[in-house]
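Here the structure comes first, spelled out in structure tokens, and everything after it is commentary.
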Amino acid sequence: NGNATFSFSSPFNYIVGQGASSIVTSDFNNDGKIDIATANQFGNNASILINNFPIVTVNSGTICSGSNFTITPSGATFYSYSGGSNVVNPTLSTSYTVTGTNTVGCINSAVSTVTVLPTPTVSVNSGAVCIGNPFSITPSGASSYSYSSGTANVTPTVTTNYTITGGSSNGCSNKVV
């Protein structure tokens, strides 16, 4: 449709020989990137800038809500993150842009997508019983449960707190005491 969006990096100055008289662009090293050569009139030589843009790669992944995700970039020397850090804690599924810079100032970027799955909200009943009487722990809010007592039916002899872990079908879990 003829529409396009462009963004440009800050300029980076490269030193060439004396009296640059002409500029030629080509893929001199056959890496698929455009390189630049200048003829230097007063130095009787040429300067060639091999386009050395870093190939930035990042991981993406899935977390349960409330968890951290660590973005691990590679391919450059220095990195900046649209989330401010490589450790993120999104509340919703989010994409982060990682910008990598190599030692000669060339810049490239990649996108890390973090998918956030809901964590179950687990609730449980509480109550009092006489010593030696049974009590049934009844949790809700998840699809499966595990009990610090090993079972939902307990017979405490002293005041006792039990931890119930509720899991959901997406693999996320939450605890309640």
Side-chain angles (χ1 to χ4, degrees), residues 1 3-10 12 31-33 51-177:
N1 63 11
N3 293 330
T5 302
F6 297 96
S7 62
F8 297 93
S9 304
S10 300
F12 192 86
D31 66 354
K33 302 174 194 173
N51 183 346
N52 192 19
F53 287 99
I55 305 299
V56 178
T57 59
V58 293
N59 60 323
S60 292
T62 301
I63 60 170
C64 297
S65 62
S67 298
N68 290 337
F69 182 81
T70 301
I71 301 170
T72 307
S74 63
T77 306
F78 308 102
Y79 301 96
S80 62
Y81 306 88
S82 63
S85 169
N86 69 318
V87 178
V88 295
N89 185 350
T91 55
L92 301 170
S93 296
T94 306
S95 292
Y96 298 92
T97 300
V98 178
T99 302
T101 307
N102 64 14
T103 56
V104 295
C106 295
I107 298 171
N108 208 344
S109 61
V111 175
S112 173
T113 301
V114 181
T115 303
V116 180
L117 301 176
T119 300
T121 302
V122 180
S123 59
V124 67
N125 64 326
S126 62
V129 294
C130 295
I131 294 175
N133 287 333
F135 181 80
S136 182
I137 301 170
T138 309
S140 62
S143 57
S144 63
Y145 303 95
S146 62
Y147 305 86
S148 61
S149 62
T151 180
N153 298 311
V154 295
T155 307
T157 56
V158 295
T159 300
T160 306
N161 290 321
Y162 299 99
T163 300
I164 290 74
T165 303
S168 62
S169 60
N170 65 14
C172 296
S173 64
N174 205 354
K175 294 182 180 184
V176 65
V177 177

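Here, residue 1 is the first one in the sequence, and each next residue gets the next number.
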Check whether any side-chain heavy atom of Val111 lies under 4.5 Å from a side-chain heavy atom of Ser95, and answer yes or no.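 A side-chain contact exists here, since the closest heavy-atom pair is under 4.5 Å.
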Considering only heavy atoms from C-beta outward, does the side chain of Ser112 approach that of Tyr81 to under 4.5 Å? no
With sequence neighbours left out, what residues match Ser82 under side-chain hydrogen bond (donor to acceptor under 3.5 Å, both in side chains)?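 Counting only residues at least two positions away or on another chain, Ser82 forms no side-chain hydrogen bond (donor to acceptor under 3.5 Å, both in side chains).
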Taking distance alone, no hydrogens or angles, what donor-acceptor pairs closer than 3.5 Å link side-chain atoms of residues 61-77 to residues at least two apart or in another chain?
from	atom 1	to	atom 2	distance (Å)
Ser65	OG	Thr119	N	3.2
Ser65	OG	Thr119	OG1	2.9
Ser67	OG	Cys64	O	3.2
Asn68	OD1	Asn89	ND2	3.4
Ser74	OG	Thr57	OG1	2.7

Indicate whether any N or O donor in one side chain lies under 3.5 Å from an N or O acceptor in the other, for Thr99 and Ser109.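 Per modelled atom types, Thr99 and Ser109 side chains form no pair under 3.5 Å.
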Hey, could you give me each pair passing disulfide bond (SG atoms under 2.5 Å apart) that has a residue in residues 68-103? Not counting sequence neighbours. none
Pairs involving residues 134-170, ordered by first then second residue, that meet disulfide bond (SG atoms under 2.5 Å apart) (sequence neighbours left out):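 Residue pairs passing disulfide bond (SG atoms under 2.5 Å apart), neighbours aside: none found.
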Pro54 versus Gly100, closest heavy-atom pair with distance: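 Shortest heavy-atom separation between Pro54 and Gly100 comes out as CG-O, 3.7 Å.
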What one should report as the nearest heavy-atom pair of Ile137 and Ser149 is CD1-OG, 4.4 Å
Test side chain to side chain contact (heavy atoms under 4.5 Å, CB included) on Val88 and Tyr96; report intermediate values, then the result. CA-CA 9 Å; Val88 295; Tyr96 298 92; 3.7 Å; yes
Using modelled atom types and a 3.5 Å cut-off, is there a donor and acceptor pairing between side-chain atoms of Ser93 and backbone atoms of Val116? yes
Tell me whether Asn174 contacts the main-chain N or O of Pro120 through its side chain, where contact means a donor paired with an acceptor under 3.5 Å.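 Yes.
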CD1-CZ distance between Ile107 and Phe78, expressed to the nearest 0.5 angstrom: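 Here the rounded value is 11.5 Å.
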Let me confirm one number: the OG1-CG distance from Thr115 to Leu92, rounded to the nearest 0.5 Å.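 Separation between the atoms: 11.5 Å.
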Under 3.5 Å, which donor-acceptor pairs link side chains of residues 156-168 to any protein atom two or more places apart or in another chain?
from	atom 1	to	atom 2	distance (Å)
Thr160	OG1	Val158	O	2.8
Ser168	OG	Asn170	OD1	2.4
Ser168	OG	Cys172	O	3.2

Determine all donor-acceptor pairs shorter than 3.5 Å in which one atom belongs to a side chain in residues 121-133; sequence neighbours excluded.
from	atom 1	to	atom 2	distance (Å)
Ser123	OG	Ser140	OG	2.9
Asn125	OD1	Thr138	N	2.6
Asn125	ND2	Ser136	O	3.2

